[in-house]
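A short worksheet on the structure shown next.
One-based numbering, in listed order, for ligands and for the atoms of each.
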Amino acid sequence: MGLPPLSQDPDAAGGDCVACGRCCHHGPRTVHLTESDEERMGEVLLRRWTEVHERSGFRFLLNTGTRCACLDTSVPGRFPCLVYERRPDDCRVFRAASDGCREARRLGRLGSPLG
Ligand code: SF4
Ligand code: SF4
């Protein structure tokens, strides 16, 4: 699951993120949406990119295989986010060059919950 590991130090300003995309590779129901996330995303995007987990009632981003469904993988080596301007807070608080980022690059996928 995930991508090949990356050994280079990440750019703390996020300059490597589109070429990396490792933290957007994870299992289902990893990125959860709050009410303000839902407002920001709006009805059309919520219908297209999210689902409500029946048992818990929480809303999550959809997954495609081993990654977030919102990750655009159409161009090899590029991993832009299709909903970047409206992405949930879970994604916004995840910092490039944080411990979680370094771990994701080392594993080739997210190894711990976002945040
Ligand atoms: S793992 Fe780090 S460098 Fe890679 S996309 Fe995520 S935040 Fe950016
Ligand atoms: S919404 Fe965007 S930033 Fe967040 S996990 Fe999905 S692709 Fe990555």
### Message
Are R105 and D16 packed together at the side-chain level, in the sense that at least one heavy-atom pair is separated by less than 4.5 angstrom?
### Response
yes

### Query
Which atoms of ligand 2 are found less than 4.0 Å from any heavy atom of L71?
7 (S)

### Query
Got a second to check how far R29's CZ is from S56's OG, nearest 0.5 Å?
7.5 Å

#### Entry: Student check: side-chain heavy atoms of P28 and H53 closer than 4.5 Å
no

### Query
Side-chain contact, heavy-atom cut-off 4.5 Å: R106 with L6?
no

### Query
Is ligand 2 under 4.0 Å from a heavy atom in the side chain of L61, in the backbone, in both, or in neither?
side chain

### Query
Would one find an N, O or S atom of C68, in either backbone or side chain, under 2.8 Å from atom 4 (Fe) of ligand 2?
no

### Message
Checking the side chain of R59 only, and the main-chain atoms of V52 only, is there a donor and an acceptor separated by less than 3.5 Å?
### Response
no

#### Entry: L61 and H32, any side-chain heavy atoms less than 4.5 Å apart
no

### Message
As an exercise, state the distance from CG of L33 to CG of L46, rounded to the nearest 0.5 Å.
### Response
6.5 Å

## Note on the structure
A student checking ligand 2 against C24 at a 4.0 Å heavy-atom cut-off should list atoms 3 (S), 5 (S), 7 (S), 8 (Fe)

### Query
Is there side-chain contact between R40 and R92, with at least one heavy-atom pair below 4.5 Å?
yes

### Task
With heavy atoms only and a cut-off of under 4.0 Å, state how L82 meets ligand 2: side chain, backbone, both or neither.
neither

### Message
Under a 4.0 angstrom heavy-atom cut-off, which atoms of ligand 2 come close to V83?
### Response
1 (S)

If you look only at distance, which donor and acceptor atoms sit under 3.5 Å apart when one is on a side chain in residues 67-82 and the other is two or more places apart or in another chain?
residue: R67; atom: NH1; partner: L71; partner atom: O; Å: 3.0
residue: R67; atom: NH2; partner: T73; partner atom: OG1; Å: 3.4
residue: D72; atom: OD1; partner: S74; partner atom: N; Å: 2.9
residue: D72; atom: OD1; partner: S74; partner atom: OG; Å: 2.6

### Query
What's within reach of atom 4 (Fe) of ligand 1, meaning protein N/O/S atoms under 2.8 Å?
C20 SG

### Task
Any atoms of ligand 2 less than 4.0 Å from a non-hydrogen atom of C91? List them with their elements.
1 (S), 3 (S), 4 (Fe), 5 (S)

